[in-house]
Structures are given as structure tokens and as C-alpha cells.
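Okay, structure first, notes after.
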Amino acid sequence: MSESASTIQFFTSFSVNDLPFLAQAAGGTLLISIISISIGSVFGCLFGWALYASKYARYILGSILDIFRSVPLIIQLLLFFNFFPILGIPLEPFAAGCIVLTVYTSALVAQVARGGIEAVPESMRRASRSLGMSYFQDMRYVVWPIGARAMLPAWTGVALGVLKDSALVSVLGYLELLRASQILITRTQEPFIILAIVGAFYFALSYPIGKITARLEQRWQYD
Amino acid sequence: MIKLQGVDKSFGDLRVLKGIDLSVEKGEVLSVIGASGSGKSTMLYCINALEKIQGGQILVDGVDVHCADTNVNKLRREIGMVFQQWNSFPHLSVMDNVALAPQIVLGKSKDEAYSIAEKHLKHVGLGDKLQTYPTRMSGGQQQRLAIARALAMEPSYMLFDEVTSALDPELVGEVLDTLRLLREDGMTMIVVTHEINFARDVSDRIAFFHQGVIEELAPAKDLVNNPQRERTQQFLSKVL
Amino acid sequence: MDYTFHWRPVIKALPDLFSAALITLEAAILSMIIGIIIGLGLAMMRLYGNKAMYIFATIWVELARNTPALLQLFFFGFGLGAFGWHLSPFMIVLCGLAFNNAGYLAENFRGGFQAIPKAQYNAARCLGMSASQTYLRIIIPQVFKLVYYPMTNQMVWAVLMSSLGMLVGFRELSGETQFLASNTFRLFEFFLVAAVFYYVLVKAILVAAHLLSRRLFTY
């Protein structure tokens, strides 16, 4: 590779050696997504049940969760991240990102879970209660299986959304995939290859999961 | 006159109409009866080109319905159709439901269209519901709305596809009375129906369909009181 | 806690924040209008178009829905930049949001069209209406009611996503907030106020949409 002596070449082209860097960043994306989605979903289901069961919860908890759906994620991240030094507690980007994403996920899942519970026909629940099941037995053996099925498409949508939104944790300095791509693009000046590879990563996760869920939903409609 | 000659119709491999020959003169009321799946409704859909035919010919006042050159939209102005599920337009008021087509298809002015609509709506007994929305009315009322909507185009022929089958029993009467009214007005009608008694009392002739073929075609009272064919007798004994 | 909240800089900057919020709204509305037009086209292509149209529209929709919005913005920023097309930050955000909106809205529209029974189409054709008259007068008004709520959600989404403009240099609410905050080091206070602005904006949109729906849909 010959370069003219009068220009200092800062840019090197994208090479196979950059792939491990991207892979590591992809791992970062997956790590933070999986943690946030799983913990967030558990809380989200609990919140969803609370929203369904209690009028007070619907007003109070509902309004609070509403806030997390009405403020951009990037603002939530920056706000949270800048709040903790005030308390004197140092917080590293990964932890801050996880916490914010988890709370965000739980707010979204709460809506979905509430919808899932409400989708269970009242007649089925009357049947189980008249068999002598307690309220919680009814929830566990009747509402949960049926409601979870009803919830699956919407929940998948939320989960995939969080996966894509995890890109924003990069503003805190966390190394995830889009940040890595930005770094590489600046260095190699080859945006297309890099954006294509990174895009393919998200697409390869999101598209199949979405299609499978859609097919499952169709199949379950005939039960 | 509506004339069907040797009409064949299939859905894929399934032959639904087999060599149908039928003429309906102006002013005549023809009822079509038969079991579900015998092809009655399909025949109606072929007459106004909602379905294509694979063989034979359908002529409406001499115009070949299924010829490629025929202007189907123009043809449909002469043939009114009312469906089992009334299919009223939910986003328009009763008045607008009826007045829309005269305006945009026949080019009538708004005032003209409104007065035509009002006339026909009063005729079917909905004169007091002009500004109501269809979703707030009963099935019987929506079906009468559908009839008024078709009449507002001032067609020469009216096709009715089991228009009372989806109604609660107590609402059937008001729709059948409307059909009686149209008969008195002299409208040419082909009525596919399960209401055998109505068919006997109101129509000139009845056609009995069986598995895609017209099994028997006779003056109304004759077919019901004195069926000639065995299948007709079997069918009537089951429904009467 | 030995941090004192300094609200004065924030209060002084309120007018700037307010006009930045209007810029956010403007960008969101523009991207929605473009997104609706394109999305409608994409939906029609997927429903009624030939094979080539179907493939084109499907690629657009699936790319928009399965990749991060930020990536889409980067494409319009860095990607086009490789060709020498350097869009202004506003245009990058507008194109990115419109691209994204079009994809999601196309799916909503398609679902809406598929939910209208074919019988409505038949009834209108039987009255002698042409295909285009039927679509314009009968089908599309009913589809509009079905997709109204998803469209409202997408509008809220557009407002929230516009905050990504901050990362490409667009001075909408988030970008302006960061600019002001970094000058005064009052990061927390500024972002808190920005959050309040967003919350109010989103609520206002939802209330407006609700009131509008009561006027539009009397049935």
C-alpha cells in the first residue's frame, strides 16, 4: 500500500482484525439487553398484575410508570447517570445503563402484562374459582398460562425494542455495538461495510424472532 | 330482461353452477330456493359480475355481463343488490349511506341526491332515522337501509341474497314487508331465500336449485303446493 | 449530600429550551407527515403491488423495524457522508425518523386494510362505484379509524426518538439541553427540566389526539 509522503494517513481500512472488536461490543449489547429484559419482565409482570388488581395501583403506579414511557430513554440515562454522583455514590456506565433499561422495560411490560391478564376470558376464571381454587391458584394455573400466550407477541415486541434501544447506553460510555461502529467508522472511513455488519447483527436477531412469534400467534389462534 | 344461457361456474375444481338456463322478464319476481351450497347465491354474484363465469353467457338487457369490453360499473347501475349481511357503511349516516352513490356515480347534485335518498328511506320506513348512524340500528333497520341504498340508484333489477337469514326472527317480517312493497311497485326481483311461504305468496315463479342445477322451475304456487320432481318434494318436506 | 442545586441557570435558559421543544415538535410532525405518505404507499405496494413493488416495500419495512433507530440515523449521517452527501443535522434526523415512521406505519396501515371485510368493497362496487371511488370514500375512511391509535403512538415515538438528534448535532430539545448543560455544568438540573418538557409534550399530544378522535369519529 503506497501512500504519498506528504499526507499522513490516519485511516486504515476495515480488516478482519476489527471483527473481534465488534464481537466484543456485540457481546456488550447482548449482556445488557438480556439482563434488563429478564429482570424488567419479572417486575413488569408483577406491576401488570398490580395495575389489573387494584384501582389505587392503577392511579399511583400507573402514573409513575407512565413517566418512563413519556421521556426519551437517552434523557433517562443521562439524568440517572448524573444523579448518583450527587448522592455521592459512584456508578459505572454498565450498572447505570442496566438499572435504567430494567426500569424502562418493566414499565413497558407492565402494560403488556395487564393486557394479557385482561385477555383471559372471565368465564374461564369463574370456572376455576368454582372448582375451589384460591385466587392465587387461579392466577398461577389458569391466568398465567393463558395470559402468557396472549401476551407473547406484544412482549416480544418490547424485548426486541429494548435490544435495539440498548444502543443508547453508549452515551454513558458503555461499549456496545453502535458505539463501536462509530469508532470504527471514524477510523476507517468505511461507513457502509460497518453499518451493514452492525445492522445485520440486529436484523439477524430481531427478524427471525419476530417472524417466529407471528407464526406462533397465528397457530395459537385456532386453539 | 336477464338471461342466463348454459352458465358454468367453478371455484377451482369444485363445479358450483352447471349449465344454468334462466330468463327473468321485466316486472317478474323470481324466488330461488334450495339447500346451502347449491349455487343460488353464486348465481346472483355472477349476474352482476362479482364472480366470473367459466362457461355460457349472461345477458342483461342484451348486454353481455362477462364480455371484456363491457363497462361493469355502468352495468351495476341497472342492477341493485342486497346482501345477507347488509354491509352498511359504518362511517356514514343513514342519509349519506343512501345519497353517496347517486352523487359520485350518477353525478347528481347534493340536493338532488338528498331528496332521492329521503324519498326511498321514507318508502322503506326509515324516514325518522336520516341522521342516525347504522351501528346504532337493529339488523332489520340496517337491512332496510341497504334496500333503500340500492333503490336510490333507480335500478331496473334488484337481486336479494338471503336478506333475512341473518336477522333475529322478530325482525324478519319488516324486511319481507319491504320486499312485498317493492313487488307492488313493479320492481323486477330475483330473491334467493329460505322463506318458502314468502316465496309462494309473493313471487311469480320459483326456481329450486340442487347441486348447481335448476332442478325444477314452475309458477310459485304450483311448485310449493304440487312439486313435480322428487328432490323438490324431499326438500320441501324438510323445510315446511 | 453536599451538592447544592442551582436552578438559576436553568430558569434563565427556559426560553431557549421552550423554542428547542418547538423544534422537536416540528421535526416530529414533519417526519410523521412524510412517514404517513410513504407508509401508505408502502402498504399499498405490499397489498396490491406486483412482485417487484412487494419486495421493495418489504425490504424497507423490515429494515426499519428490525434495526435500531440510531443506526438508521447513522446511515443518513455517516453513510451518505461517504458519498459526499453531507446532510445538515436537521435533515439527518428528518430522513431517519421519516424512514423509521414509514416502516412502522406501513405495517399498521396494512393491518388496517386487511381488517376491513371484503363485503364492504363488494357493496360499494355493486352500487356502481369504481374501484378508486370505493377506496377513497369507503375503505380508507374506515382504515383511518382503525389505525388512529397506532398512529398516535407513532407520533409519540417520533417525539421521543427525535432526542437522538443530540448525537448527530441537531439542536432540538435534547441537543439544546446538552449544549446549555455542558456550558454551566448543571447537568442534572438541565436534564430534569428537559424530562419535564418531554413529559408535558407527550401528554399534550395524547390529549389532543383524544379530543380530535371524539370529533372525527362520531360512530
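Being a predicted model, the structure only gives us computed values, none of them experimental. Residue numbers start from 1 in every chain, and the chains themselves are labelled A, B, ... in the order their sequence lines are given, proteins ahead of strands.
Within residues 62-83 of chain B, the residues having any heavy atom less than 4.5 Å from a heavy atom of chain C are, in residue-number order, B/Asn73, B/Arg76, B/Ile79, B/Met81, B/Phe83.
Both the backbone and the side chain of B/Ile104 come within contact range of chain C, with heavy atoms under 4.5 Å apart. The contact between B/Ser88 and chain C is made entirely by backbone atoms, counting heavy-atom distances below 4.5 Å.
Between chain C and the residues B/Leu50, B/Asn87, B/Leu106, the largest count of heavy-atom pairs under 4.5 Å involves B/Asn87. When each of B/Leu100, B/Asn48, B/Leu159 is scored by its heavy-atom pairs under 4.5 Å with chain C, the top score falls to B/Leu100.
No hydrogens or angles considered: a donor-acceptor pair under 3.5 Å links the side chains of B/Tyr157 and B/Asp61. A donor-acceptor contact closer than 3.5 angstrom is absent between the side chains of C/Ser213 and C/Tyr149. There is a side-chain donor-acceptor pair under 3.5 Å between B/Asp96 and B/Tyr114.
B/Phe89 and B/His91 have tilted rings, their planes meeting at an angle from 30° to 60° on a 0 to 90° scale. Below 30°, between 30° and 60°, or above 60°: for C/Trp60 and C/Phe99 the angle between ring planes is below 30°, a parallel geometry.
Residues C/Trp85 and C/Phe76 place their aromatic rings such that the two centres sit no closer than 6.0 Å.
Open room surrounds CZ on C/Phe18; 12 or fewer heavy atoms of other groups in view lie less than 6.0 Å from it.
Electrostatic pairing of B/Arg180 and B/Glu184 does not count as a salt bridge here, judged by no charged N lying under 4.0 Å from a carboxylate O.
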